[in-house]
Amino acid sequence: MSITAVLVLFSIVWFLILFLTLQIKIKTQGDIGTVLKGTHASSPINFSMKKRLITTTLISFPISALIIFTILSGIITLDMFDFYNLIEK
C-alpha cells in the first residue's frame, strides 16, 4: 500500500467522521429560545469548529489504522470482490 493510498484512505475516513460529528451535541438558538434578529432558529450557539476537528482526527486515526491493517494483513483481498471473475490470476 503506497503512501498516497494511505493518505486517500485517511482523508475519506476523516471527512466521513467529520460530517458525522458535526451533528452531535448541537444546541441551536431555537432550542435555547433566544433567536437573534437576522438569523435562523436552527443556527448553532457556541459552535467550536476547533473542537470538532480535533475530535474528528482522534477518532479517524484508529479507524484508519484498523482498515489499513485489515488490507495489509490479507483478511480482505481484492479477489473476494471479484464476483464476475474479471481479475486474472
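We're numbering straight along the sequence, starting at 1. The analysis underlying the following values was restricted to heavy atoms, covering all of them including side chains, and did not include hydrogens, waters or symmetry mates. Keep in mind the model is a prediction, meaning the values are calculated, not measured.
Side chains of Thr21 and Thr56: a donor on one and an acceptor on the other come within 3.5 Å.
For Thr57, the side-chain hydrogen bond (donor to acceptor under 3.5 Å, both in side chains) partners at least two apart in sequence or on another chain are Trp14.
Separation of atoms CG (Leu20) and CG (Leu16) is listed at 5.0 Å; rounding is to 0.5 Å. Separation of atoms NZ (Lys27) and NZ (Lys25) is listed at 9.5 Å; rounding is to 0.5 Å. The distance from the CZ atom of Arg52 to the CG atom of Leu22 is 6.5 Å, given to the nearest 0.5 Å. Expressed to the nearest 0.5 Å, how far CG of Asp31 lies from OG1 of Thr28 amounts to 3.0 Å. Going from atom CD1 of Ile59 over to atom CD1 of Ile17 covers 6.0 Å, rounded to the nearest 0.5 Å.
Of all the heavy atoms in Ile26 and Pro44, the pair that sits closest is CG2-CB, 4.3 Å. Taking both residues in full, the closest heavy atoms of Val35 and Thr39 are given as CG1-O, 3.8 Å, listed atom of the first, atom of the second, then distance. Residues Met80 and Ile75 approach most closely at CE-O, 2.9 Å, considering heavy atoms. Nearest approach of Ser60 to Val13, heavy atoms of both residues: OG-O, 3.9 Å.
The same ILVMFWY cluster, assembled from side-chain heavy atoms under 4.5 Å apart, contains both Leu53 and Phe19. Two different hydrophobic clusters hold Phe10 and Ile67 under the rule that ILVMFWY side chains link at heavy-atom gaps under 4.5 Å. The cluster map of Ile, Leu, Val, Met, Phe, Trp and Tyr, joined by side-chain heavy atoms under 4.5 Å apart, puts Ile71 and Ile63 in the same cluster. Two different hydrophobic clusters hold Phe69 and Met1 under the rule that ILVMFWY side chains link at heavy-atom gaps under 4.5 Å. Under the 4.5 Å side-chain contact rule for hydrophobic residues, Ile3 and Leu9 do not share a cluster.
The hydrophobic cluster around Ile12 extends to Val8, counting ILVMFWY residues whose side-chain heavy atoms fall within less than 4.5 Å of a member. Other residues sharing the hydrophobic cluster of Leu58, ordered by chain and number and joined by side-chain separations under 4.5 Å: Ile54.
Other residues, nucleotides and ligands place no more than 12 heavy atoms under 6.0 Å from the CZ atom of Phe15.
Panel note: side chain Ser73, backbone Thr70; a donor-acceptor pair is recorded below 3.5 Å. A donor-acceptor pair under 3.5 Å is formed between the side chain of Gln29 and the backbone N or O of Leu36. With Ser43 contributing its side chain and His40 its backbone, the two residues share a donor-acceptor pair below 3.5 Å.
Under the 4.5 Å side-chain criterion, counting only non-hydrogen atoms from C-beta, Asp82 is in contact with Leu86.
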